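We count ligands from 1, going down the list as the structure has it; atoms in each ligand are counted the same way. The shown structure was predicted, so the numbers you read here are calculated from the model rather than taken from an experiment.
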Amino acid sequence: MNTETDSSVLNSDARSGWYTDVLIVGSGAAGLRAALAASENADVTLITKTTLKESNTLYAQGGIAVAMNVDDTVDLHVEDTCSAGCGLCDVGAVETMVSEGIPRVTELLDWGANFDWEGTLPRFTQEAAHSRRRIVHKGDATGRETTDVLVQRVLNTERIRVLSNAFAIDLLTNAESTQEKVQNTCYGVTAIVEDKLVRLYAKATILATGGLGRLYPCTSNPEVATGDGFAAAWRAGCEMIDMEFVQFHPTTLYLDGAPNFLISEAVRGEGGRLINIRGERFMEKYHKKGELAPRDVVSRAIQNEMFLTGFPCVYLDITHKPADFILERFPTISDTTKRYGLDINIDLIPVRPGAHFMMGGIRTNADTETNLKGLYACGEVACTGVHGANRLASNSLLECLVFGVRAGNNAAAYAASHTLQSPPSIQIPSNEEMTPGLDEDFIVAVKDAIRETLWENVGIERDGEGLEQTLDDLEEIGVEIDLCPYSPVSLQTTDVGLCETFNMLNVAWLITHAALVRMESRGGHYRADFPDQDDIDWLKRIIVTREDDPKIVDL
Ligand code: SIN
């Protein structure tokens, strides 16, 4: 069995680098599943920012949406996904995800995922905007169960080497001419591994670096989610699409001293009610589906109630459910809140919205190919178009499993038909040539400044003036650290904090820029100055690259 870290890379000469067939960056469900698929036909190196298990996947509570219930069909799941996506989904990609999701989930069960069962079928739960009960789950710790199963399999696979605490800074690329055009090719990454700058060469590279919730002060995401893959891809010349669409989850815990923590939508799916500080149930005022309205509607409603009552949160009430049901269905939420003195059997849960999921990302087709040869992307960092303007609950783990496998298979096939011929020799700078690191407190302050301006102006509600303000703020913040938010420079440093800060600055700029271009409201993007969805002018998508002004393209 492999150990988690193969440190022989550290012993390799930084100049000669480390070679592999398929390099995977990121160890959430998408990266792990890609590694397993690729390893059937290639040697794989999987690198991860901290530990193998730490990712957004680990914290996923709700479950995996899959059309396996007796009254369900692929068509119904496709319809619900596209309707949540508000007209911007790529229907072909959605059909792929939903239909291939069935064998992917079946396989996970065969591999030992211990999801909840009822008779001969998994126990399906309900979440917002699903027309059927179709969410398979393990209590409220589905992400942990999925992670455990996949990690175990990865560690048992000979052809996968794992390198943890390896921070990928930038993609290695060179321009390659074909008869028709010059295309950038990716052949690995530069990374910080144990305070050294190293080059990891690969015939094919898969980015599966997850999300960016930590660009916002309130979020359901863990600390690692600083948008690193989005930034590195954009700097390398990838097309970034739908970057204005950030999903805010309506209910993250708001409790003194408690960390960022998700209160699953399944709590509302099982009958949880939202009430304001005055004890009034309010969701009926905002949407006919009440608590199970789309996430953007519930988040805006909560924000409005907070504004109307002048109180910094609302409450979620599940106390009417039997205590044994709550304990069995929501053990993680019960345990976590108990640690902070709250018993959800008898107490109301203080909640408010937080950044949860990025619908946009690196533009890929359903084969997970990007516009860089040899570079594939899957999971939250990628945008195949399966989510459109708003993701349906519990479709993200499904996406990771389906497109993880596709990325792994396609990258392995690419690696088999390409040789890595003498990549351009890049000098690893000497210590004196490196960009010096920054003081830790200063980095915290700069990250907080980025988060503050995004929350204020590029959050649940935006308008032109606020977005312009944030673009100015980001430039000013950039001056503080001597970096420009829209300049795709490569950092030569071993300071992970500095890299994260630059990544956050780049990605904040991308989101803000795209949000300014889209002059309508749709799904996760709500413009108070353009409050209506405009299907005449805006059934379109926005692509941002490092070279050009944003391109607005038809579906
Ligand atoms: C939740 O449990 O509410 C989150 C699930 C998801 O985002 O799909």
key: Distance filter under 4.0 Å to L262 heavy atoms, resulting ligand 1 atoms   = 1 (C), 2 (O), 4 (C)
query = Within the distance-only criterion (no hydrogens, no angle test), does the side chain of D116 pair as donor or acceptor with the backbone N or O of G139 below 3.5 angstrom?
reply = yes
task = Please write down residue, atom name and distance for the protein heavy atom closest to atom 5 (C) of ligand 1.
result = R295 NH2, 3.5 Å
Test of proximity, N395 against ligand 1: N or O pairs below 3.5 Å = no
query = Would you say the side-chain atoms of R462 pair up with the backbone N or O of E456, donor to acceptor, closer than 3.5 Å?
reply = no
message = Tell me whether N390 contacts the main-chain N or O of G85 through its side chain, where contact means a donor paired with an acceptor under 3.5 Å.
response = no
query = Does any N or O in the side chain of D80 come within less than 3.5 Å of the main-chain N or O of S131, such that one atom is a donor and the other an acceptor?
reply = yes
query = What atoms of ligand 1 come within less than 4.0 Å of a heavy atom belonging to A393?
reply = 8 (O)
request  = Give the residue, atom name and distance (to 0.1 Å) of the protein heavy atom nearest atom 2 (O) of ligand 1.
outcome  = S264 OG, 2.7 Å
message = So is Q247 touching ligand 1 or not, going by heavy atoms under 4.0 Å?
response = no
ask   = Side chain of T57, backbone of G28: donor and acceptor closer than 3.5 Å?
value = no
message = Among all the protein's non-hydrogen atoms, which is closest to atom 7 (O) of ligand 1, and how far away is it?
response = H356 NE2, 2.6 Å
note = Between R522 and the options D534, D532, D535, D296, the salt bridge (charged side-chain N to carboxylate O under 4.0 Å, His left out) test singles out D535
request  = Please confirm whether A266 comes within less than 3.5 Å of ligand 1 when only nitrogen or oxygen atoms on both sides are compared.
outcome  = no
inquiry  = E265 versus ligand 1: do any nitrogen or oxygen atoms come within less than 3.5 Å of each other?
reply    = yes
query = In ligand 1, which numbered atoms sit nearer than 4.0 Å to a non-hydrogen atom of H249?
reply = 1 (C), 3 (O), 4 (C)
ask   = Taking only heavy atoms of S394, which atoms of ligand 1 are found under 4.0 Å from at least one of them?
value = 6 (C), 8 (O)
ask   = Is a salt bridge present between R329 and E270, judged by a nitrogen-to-oxygen distance below 4.0 Å?
value = yes
Main-chain N/O of E500 paired to T226 side chain as donor or acceptor, under 3.5 Å = no
